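To keep things clear, I will list the structure first and then write my remarks on it.
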Amino acid sequence: MPSDRVLIVEDNIDSQNMLLWLLEHYEIGCDVCTSAAEALQQLAARPYRGLVVDLRLPDMDGWTLMNRVRTESADVQVVAVTAYHSPELRDKALKAGFDAYFAKPINGEAFIREIRRILAL
């Protein structure tokens with residue numbers, strides 16, 4: 001059974017800090033890692049209800065990570081974030097299986113509202 005925690009997978013320290021602050025400010029427990037490999041290790045050690053995944057990571061892109069997570073646990077909700085936004089990319093991400101998509105800089109209110117909705121918090 002997944003916990004109520006969210007795992008942030010983001011290699012940019014400023015984006016990490018902003019996402020961490022937002023989630024903690026709204027009392028959503030979270031952990032942070034900087035690579036897909038680290039995320040897979042953390043997911044193996046602890047259940048998470050959701051992942052917030054940067055689409056561009058140093059070792060494995062967010063698309064591949066989402067697909068790996070989906071094969072291991074369909075219960076985990078996966079949210080894509082990216083600085084390389086386009087409407088076509090948003091459509092592609094949602095069609096590929098991400099539960100939500102956010103362009104950076106992230107609108108905090110919309111982000112928290114969507115996180116609460118998809119995680120049923």
Side-chain angles (χ1 to χ4, degrees):
M1 174 89 168
S3 71
D4 286 343
R5 295 187 72 77
V6 172
L7 180 61
I8 299 167
V9 189
E10 172 63 71
D11 61 319
N12 179 284
I13 190 72
D14 293 330
S15 293
Q16 272 182 18
N17 288 335
M18 185 272 305
L19 291 165
L20 185 63
W21 181 87
L22 265 174
L23 292 168
E24 287 182 341
H25 180 76
Y26 287 94
E27 299 179 351
I28 299 170
C30 56
D31 297 311
V32 178
C33 60
T34 60
S35 70
E38 188 181 348
L40 292 169
Q41 288 176 338
Q42 285 191 241
L43 285 164
R46 177 182 199 165
Y48 286 90
R49 183 176 236 159
L51 271 73
V52 176
V53 179
D54 186 9
L55 291 178
R56 288 203 179 182
L57 294 168
D59 58 344
M60 175 191 306
D61 65 34
W63 306 89
T64 305
L65 176 59
M66 185 266 301
N67 287 324
R68 293 265 313 262
V69 168
R70 291 278 189 235
T71 61
E72 295 173 18
S73 175
D75 294 337
V76 177
Q77 304 299 301
V78 185
V79 176
V81 295
T82 186
Y84 304 97
H85 169 68
S86 72
E88 296 81 17
L89 185 61
R90 179 187 184 282
D91 292 343
K92 181 181 174 184
L94 295 174
K95 285 178 185 171
F98 284 98
D99 297 292
Y101 170 96
F102 288 92
K104 296 175 189 177
I106 291 174
N107 175 311
E109 284 183 28
F111 178 76
I112 292 299
R113 185 173 45 250
E114 188 67 6
I115 290 290
R116 285 183 170 157
R117 184 191 71 75
I118 67 171
L119 299 181
L121 296 176

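Keep in mind that this is a model prediction, so the values were computed, not measured.
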- Query: Can you list the steps and then say if His25 with Ile112 is a side-chain contact (heavy atoms from CB on, under 4.5 Å)?
  - Reply: CA-CA 10 Å; His25 180 76; Ile112 292 299; over 6 Å; no
- Message: Taking NZ in Lys92 as the centre, count heavy atoms belonging to other residues, nucleotides or ligands within less than 6.0 Å. Is the count above 12?
- Response: no
- State whether Asp99 and Arg117 are salt-bridged, where the test is any N-O pair (Lys NZ or Arg NE/NH1/NH2 against Asp/Glu carboxylate O) under 4.0 Å. no
Please answer whether the main-chain N or O of [Y] pairs with a side-chain N or O of [X] as donor and acceptor at a distance below 3.5 Å.
| X | Y | result |
| --- | --- | --- |
| Arg5 | Cys30 | yes |
| Asp59 | Ser35 | no |
| Gln16 | Glu10 | yes |

Which value, rounded to the nearest 0.5 Å, describes the distance between [X] atom [atom1] and [Y] atom [atom2]?
| X | Y | atom1 | atom2 | value |
| --- | --- | --- | --- | --- |
| Ile106 | Phe111 | CD1 | CZ | 5.0 Å |
| Thr82 | Lys104 | OG1 | NZ | 6.5 Å |
| Asn67 | Phe98 | CG | CZ | 7.5 Å |
| Leu65 | Leu40 | CG | CG | 5.5 Å |
| Arg113 | Ile115 | CZ | CD1 | 12.0 Å |
| Asn12 | Leu57 | CG | CG | 11.0 Å |

- Please name the pair of heavy atoms, one in Gln42 and one in Leu7, separated by the smallest distance, quoted to 0.1 Å. NE2-CD1, 3.6 Å
- Task: Is it possible for you to check whether Arg116 lies under 6.0 Å from the centre of the six-membered ring of Tyr26, through NZ or CZ, and within 45° of that ring's axis?
- Result: no
- Query: Parallel, tilted or perpendicular: which describes the rings of Tyr101 and His85, with under 30° parallel and over 60° perpendicular?
  - Reply: tilted
